[in-house]
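Numbers for residues simply follow the sequence, beginning at 1. Read the numbers this way: they start at 1 and go in the same order the structure lists the ligands and their atoms. Computed from a predicted structure; not experimentally measured.
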Amino acid sequence: MGIITGSGRPTLPPEETLDPPDWAELRRLGHVMVDDVLSYLETVRERPVWQPMPEEAKRRLRAPAPRAPEGATKAYQDFREAVLPYPTGNIHPRFWGWAMGTGTPFAALAEMLAAAMNPDVGDFDDAPRRVEAQVLAWCKEVMGFAPEASGLLVSGGSMANFVGLAVARNARAGFDVRQRGLAGGRHPLALYASREVHSSVKKAVEVLGLGREALRLVPVNPRYEMNVRVLEETIAEDRARGCRPFCIVASAGTVNTGATDDLEAVAALARREGLWLHVDGAFGAWAAISPALRGQVRGIEKADSLAFDLHKWGYLPIEAGCVLVRSQEEHRKAFSLTADYLAPGEGGISAVPDPQSGYGLQLSRGFRALKAWLSFKEHGFDRLSRLVEQNVAQARYLAERVREAKDLELLAPVPLNVVCFRYAPASLGERERNERNRRLLRRLQEGGLVLPSPTILEGRYGIRVAITNHRSRREDFDLLVSEALRLGREGA
Ligand SMILES: *Cc1c(COP(=O)(O)O)cnc(C)c1O
């Protein structure tokens, strides 16, 4: 409340805003930031893939909450000194750990544009909603889904799997799960995936209230693909025991070895059995954009729901994932819940009959569609498809180098972009081999030259190289092989 002055009008305290006090100054800083970040990416190859943070930088990141303004320039300085030099490393040409995309410079700039527009995407009559719709339409097109299918952009593969499985559960439980909860069912629900299924599927099963026991883990064949005969038998046994099978989760590109289940066979079985088919294609689905590789994921378009990432093999900055659902109606039925304050208007900004918030958990949704839209336009799917093929060719090249090296051993087939190998000279026993490779991986990572991640296949500790990197070159894999041999021989 202000003070009443002689003129009768209150004088109010001055109002503040978070806009810059001096736009010209922020503009200069902004240009510096753009210059810094582009130089940073241009020269990424010259730096270590990863390096541990020095104590001083760690200490700065433990400082208490700032009360007084430090200003943008000082805040940016802190970022430059304590944050920017210590990335995860997945922007580097020799990072092949887990499954992380590289990102692109233009998509990084796109993030800035998205944040500047700062829309709440999907529920309002604006351009960002249409951008997301167009990105989804393109995703459907390249994955072989019909235009009538529905979809949602989400944070990543984990959330995409969660959404797909939530729709599967509600569509095939045989009772109204939303109204009655899982206690409303007379028969325990069961779903199926291979032993190689990603942990995010297990997490989704738990969070959806199905319980880990509901997820039957089916063994794999020597190519790490789901054994479809055992799958069929397990479904029959479950039915005989009074369970209600409702869903099969197939993998297109398993995280361990890049294996793809026989999607045609699994789809045919799911159809015969009346089960929902969900495909986790986090990175593997992206093979579908390449005419040369599409055969590797044949049948992917038969999924009732398909989860995949745009931030792995789509090379977009984290986070961006996508879920496609064949039946728009089932998708909407799983999530749509319209409160009075969210009801679509007949005109104006909320004249959106079918808001995207009715297709997932989030209400406020960011503009992650923009980096996808700009990036797909920048490069076109033909180039992206060539990059995916290039990564597969590099995986084959690396597998060949491993086969040729006397002391290295390939641990699994290489159907796509993942290579698992180990240092295994004849002189070492199995236990020693595991120990040696554990140390070898650590030394490779700490050396800062290359960055693979670990896995264990049939009890054998392996070095795992997952190539979703548009910056890698063949010589980078030569370096990996020579380093693995050098450190392996040194005793790692
Ligand atoms: C990475 C991955 C996921 C999880 O995706 P996020 O984007 O990390 O949430 C799921 N399945 C597979 C096969 C993956 O490789």
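- Ion pairing between Asp36 and Arg80 holds under the 4.0 Å rule for side-chain N and carboxylate O.
- Distances below 4.0 Å separate heavy atoms of Gly253 from the following atoms of ligand 1: 13 (C).
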Exercise for the section: Determine, step by step, whether Arg216 and Asp238 satisfy the salt bridge (charged side-chain N to carboxylate O under 4.0 Å, His left out) criterion, reporting the C-alpha distance in whole Å, the side-chain angles of both residues, the deciding distance to 0.1 Å, and the verdict. Expected result: CA-CA 10 Å; Arg216 314 284 198 252; Asp238 279 340; 2.8 Å; yes

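- Under the 4.0 Å criterion applied to side-chain N and carboxylate O atoms, Glu232 and Arg229 are not assigned as salt-bridge partners.
- Using a 3.5 Å distance cut-off with no hydrogens or angles, the side chains of Asn391 and Tyr315 do pair a donor with an acceptor.
- Note on ligand 1: His311 sits in its first shell, one or more heavy atoms being nearer than 4.0 Å.
- Shortest contact from atom 11 (N) of ligand 1 to any protein heavy atom: Asp280 OD2, 2.6 Å.
- With salt bridges taken as basic N to acidic carboxylate O contacts below 4.0 Å, one links Glu435 and Arg438.
- Heavy-atom proximity to Ser200, at under 4.0 Å, picks out these atoms of ligand 1: 10 (C).
- Numbered from 1 in the order shown, with element, the atoms of ligand 1 that lie under 4.0 Å from a heavy atom of Asp309 read 5 (O), 6 (P), 7 (O).
- Residue contacts with ligand 1 leave out Gly284, since none of its heavy atoms falls under 4.0 Å from the ligand.
- An N or O contact shorter than 3.5 Å links Gly157 to ligand 1 by distance.
- Within ligand 1, the atoms closer than 4.0 Å to a non-hydrogen atom of Phe283 are 15 (O), numbered from 1 in the order shown.
- Ligand 1 is never approached by Thr254 to a heavy-atom distance shorter than 4.0 Å.
- Short contacts between ligand 1 and Ala282, defined as distances under 4.0 Å to a heavy atom of the residue, involve ligand atoms 2 (C), 3 (C), 10 (C), 11 (N), 12 (C), 13 (C), 14 (C), 15 (O).
- In this structure, Gly321 falls outside the shell of residues with a heavy atom less than 4.0 angstrom from ligand 1.
- Close contacts between ligand 1 and Gly156 involve ligand atoms 7 (O), 9 (O) [criterion: under 4.0 Å to a heavy atom].
- Between Phe376 and Phe381, a ring centre-to-centre spacing shorter than 6.0 Å is recorded.
- Near Lys312, with a cut-off below 4.0 Å to any heavy atom, the atoms of ligand 1 are 1 (C), 2 (C), 3 (C), 4 (C), 5 (O), 8 (O), 14 (C), 15 (O).
- Salt bridge Glu458/Arg460: absent, no basic N to carboxylate O contact under 4.0 Å.
- We find that Glu148 and Arg326 are not joined by a salt bridge, their nearest charged nitrogen and carboxylate oxygen being 4.0 Å or further apart.
- Closest to atom 9 (O) of ligand 1 among all protein heavy atoms lies Ser158 OG, 2.6 Å.
- For the atom pair CG of Asn469 and CG of Asp476, the computed distance is 8.0 Å after rounding to the nearest 0.5 Å.
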